Each structure stands twice: as C-alpha cells, then as structure tokens.
There are 2 protein chains.
Amino acid sequence: MYDMAPPRVLTREQIAEAALRLADQTGVERLTMRALADELGVGTMTLYSYVRSRDDLLDLMVDTATEPVAATPIEGHWTEQIVTLFSALHEVLTKHPGLVRARMTRPFNSPGVMRLAERALSVLQAAGMDRQEAARAYRTLYLFTLGCATYGGHSDTAQLRRDLEALPSTDFPHVAAHRDKLIYTVAEAAEFRYGLRLLVTAMSAYVPPPTNRNPQGGTHNPVG
Amino acid sequence: MYDMAPPRVLTREQIAEAALRLADQTGVERLTMRALADELGVGTMTLYSYVRSRDDLLDLMVDTATEPVAATPIEGHWTEQIVTLFSALHEVLTKHPGLVRARMTRPFNSPGVMRLAERALSVLQAAGMDRQEAARAYRTLYLFTLGCATYGGHSDTAQLRRDLEALPSTDFPHVAAHRDKLIYTVAEAAEFRYGLRLLVTAMSAYVPPPTNRNPQGGTHNPVG
DNA sequence: ACACGATACCGTATGATGTACGACATGGCC
DNA sequence: GGCCATGTCGTACATCATACGGTATCGTGT
C-alpha cells in the first residue's frame, strides 16, 4: 500500500473562517473562489480538495457560523427557553449579514440548526404540546427567525428612505406617517424579540395548564 | 424636433410576464437574459432598452407578481382583515418559488407591497394601535410572511428527507420522531396561517377593548 | 419627394465567474 | 532508486451580465 502523500496545507476550519471573514468584510457577492484562495495564499483549485463546490463552501460557512447555537444554555420557564434558543440563532445569522441570503437556496440542515431543532422540540414537548403541535410551533418559530434574519436589516437604509420619501403622501398617508418607524435599524434584535414573545405567548394557549407558572426551570428535560 | 423612432416591439409587461413564466418553468437560476430574449424572439441586448439590468428585471417581476395583492378585498374583524391581507401576499410569493429568493438581496419596496403596507397600517391603527405599535406589528407580520414564503417550501423534499434520516436517532430523538412533520409540503399555506393567527391573536392584547367583536366591517376605513 | 437625425434593435466583444483537466511535486513504501 | 497515490495548481473553457457601436426604422421639416 502506497498511501502517503504531501501534507495538507489547509483545513476546512481555516477555509470556513477565512471565508466568513472575507464575506463579512467585502460582502458575499465578492466572495469568489479566487479571492478566497488568494486570501489563504493557495491556488484557486486547491480549495476544491476541501470543498466540493462553491455551494458546499457556503454550507460549510453556515455550519461553522451556526455551530455555537447548539451550546447556548437555556433555563427558566419554557417560554424563556424558547426565546433564548431562537435569539441565539437570530444573533448568529445577523452577525454575517449576507450569508443567510446567499445560502437560502437550499434548506438549512446544518448540524447547529439540527441541534437547535432537537432542543426546541424537546422543550416544547416537555411543556405539554403533543407531536403535531410541537412540530408546527417549531417550524413557525424557525421560519419567523429566518425571515427576520434575512429581511430584517436593510442593507441600504438610505435607499429605502429615498424610496419611502418618493411615495406620494396622498396615496400612502399611513406609510408616510410611519416612515421613520418602518426603517428598521438598530432596533432589529429588539423587534425580533417582540415578535418572538408574541408567538410564544400565543402558543402558551396550546399547552395544558393555560396559566401555569413556576418561576424556575419547571419543564425542561435534557436531550439524551 | 425629430423625436419619433421605430415602434417598440415589446412592453415591460410582456417582458415581466415572460420572465415569470420562464422562471416558474425552469427555475430562476435558468432565467438568463439570453434565454428570456430567445423566448421573446428578440436579441439579448434589446431587453436592456426596457430594463436597466438583470436586477431591475427581477424588480419588475416582483412588482408584477405582487401587484394583485393591492386589490384583495378585506372585510370582517380587523384580525380577519390582517390575515386576509398577508395571506394574499404569501400566496402570491409562493406562486413563484424562486422569485423571493432571487430578489431578497434588496428590500421589497414594490408598489404592490407598499399598497399592502398602507392598508395594513390603516387597519392596525383603526383597531386602536398607536403609531409605534402599528409599525412594529406590521413589520413583524411582514417579516413572518416573507420568512414563510422564502423558506417555507423545500425545493428538494427528497434531499431533506435523506438529510433527516441520516441524523443519528440517538443524538436527535425528537427530530427523528418528528421527521415527517418537519417536512413541510402541501400544508405550507395552512401552517403559515396558523402562525399568522397566533401573531394577530397575541397582538389583540395591544388594542384597547381586549375582547371586542363586531362581526362585519367594524373598523376598516379605506386608504384614500 | 426626400433627406435628416433620434431612437430602437442587436452582433460582437469584454471581463468576471465557477470549475474540469491534466501536469507537476511530494514523500512513504517496495 | 523506482513506484504510485495523493495534494497542489496553471491553464482552459463554458457561461454569464453587459458595454460599445453599427445598422435599420420612421416621423418630421423642407
């Protein structure tokens, strides 16, 4: 058996980190295989021994970025646990603005997200939901989180403002009156949490004891 | 003044319709300027007398697709009106699967969406919300709708199923148990409505008469 | 009737991209 | 020392959006 060869000069982790850094700095649209290879000091085609394709690279980036979500500690009432979990996902996704957009072509099955699903489903069932309800609730929370992370921030606030100001106030009186509040900026995370709390509040109606309250870690059981 | 010229052989409307048709048939990734021009029987560059760029074409497609939303009739309790409005948006967006994804790079300021914003804000304020609350509620509903439309359906259900089945049941017992329910297929619209109703139900707590109910057109006032 | 010139159409060219192909280098094993 | 699997990467190619400039068309002014 002749199975040894020259040592690998990179790791997938290094590639993922460099790709995330580059994407954050210059935008995902500027993240080309050539640019990334240059950044790493290797030839373009070398990257293809680590990732199958550019899509695979984006997968790897999502995996790396969402990985810390799985480690988020949760405690308190189940509603609080849910808010904490999805806030962690939201935070991680908004930290790399272009990533969600670039990757949205495919469903998100990254390990980090799957771990999140596992924990969220566990919490929801422990809170008293049956399978059908828990799955539906999870998907709703998940889609809301992705929607906020994807569309919540405006890449070009000035452009949005110009667009809104261009609308005739006579035809759009309410939009004109709300203009400033429709431009979502620093309040992004706060507004996300507002919606999240609305959802879990409404979902509380689906669990057996409608006004149940025990103020510390009542219903959580670990995953295993 | 010599300002006449050969008649235009196309209209923006024809281009938008052909582009939507092509995108629906072959996927947005196959919607190239060449392919669209061939479909319309003109040279590639001719398209550039009607649209500034490919991005502009996508804008035009979104505008065309979302235009009918503005005409959706709404009636009944304000919660019903809100559900109807955003369901119309959701329906129109999911009718052209790849479009939302392709266009999500920029914020959605299409006329149809702005008309929707106008009507939704009107309904929310008429229901008793103040400006701050109405704007926040609108944005939440809007982001939820976009999230569902963007990520709700899975382009490749078989692939998702394979991914889910590949997960070790020991590490992901809840995901494994919920597997079928996590694959969102025909129930997409129903699940969206479930989330929408959760949101408006929870929002009801923010309007003055908490259990107000008048069963026909109580609080809606027209836009103008 | 006829020339003018503004405008629409489109053939061609350019530069960027992802990636296939195959040459070359490396280093452990016979 | 020769062998060959493996990792690296220069080059080449197909495909894309789109800039440029030539050509065709037609209402207008004479």
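Every chain is numbered from 1, with letters handed out A, B, ... down the list of sequences. Note that the structure is a prediction, hence the values are computed from the model and not measured.
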Notebook entry, point to check: Angle class for the B:F86/B:Y138 ring planes (parallel below 30°, perpendicular above 60°, tilted otherwise)?
Noted result: tilted
Margin query: With rounding to the nearest 0.5 angstrom, report the CZ to CG distance, B:R115 to A:L167.
Written below: 11.0 Å
Mind calculating the distance between [atom1] ([X]) and [atom2] ([N]) to the nearest angstrom?
| X | N | atom1 | atom2 | value |
| --- | --- | --- | --- | --- |
| B:R30 | D:dA14 | CZ | P | 16 Å |
| B:R52 | D:dA17 | CZ | P | 17 Å |
| A:L31 | C:dA16 | CG | P | 17 Å |
| B:M33 | C:dT12 | CE | P | 19 Å |
| B:R54 | C:dA16 | CZ | C1' | 15 Å |
| B:L58 | D:dT18 | CG | C1' | 15 Å |
| B:D56 | D:dT18 | CG | C1' | 14 Å |
| B:Y48 | C:dT12 | OH | C1' | 15 Å |

Note to self: OP1 or OP2 of C:dA8 versus the side-chain N and O atoms of B:S49: is any pair under 4.0 Å?
What the structure shows: no
Notebook entry, point to check: Does OP1 or OP2 of D:dT8 have a side-chain N or O of A:Y50 closer than 4.0 Å?
Noted result: yes
Next item on the list: Confirm from the modelled atom types if A:R34 and C:dA16 form a donor-acceptor pair under 3.5 Å, side chain to base only.
Entry: no
Note to self: Return whichever of A:T32 or A:M45 has its heavy-atom-nearest nucleotide of DNA chain C closer to the 5' end.
What the structure shows: A:T32
Notebook entry, point to check: Can we say A:E80 and A:R197 salt-bridge, meaning some charged N sits less than 4.0 Å from an Asp/Glu carboxylate O?
Noted result: yes
Margin query: By the 4.0 Å heavy-atom rule, please label B:T44 as base, sugar-phosphate, or nothing.
Written below: base
Note to self: Is any side-chain heavy atom of A:L124 closer than 4.5 Å to one of A:I82?
What the structure shows: yes
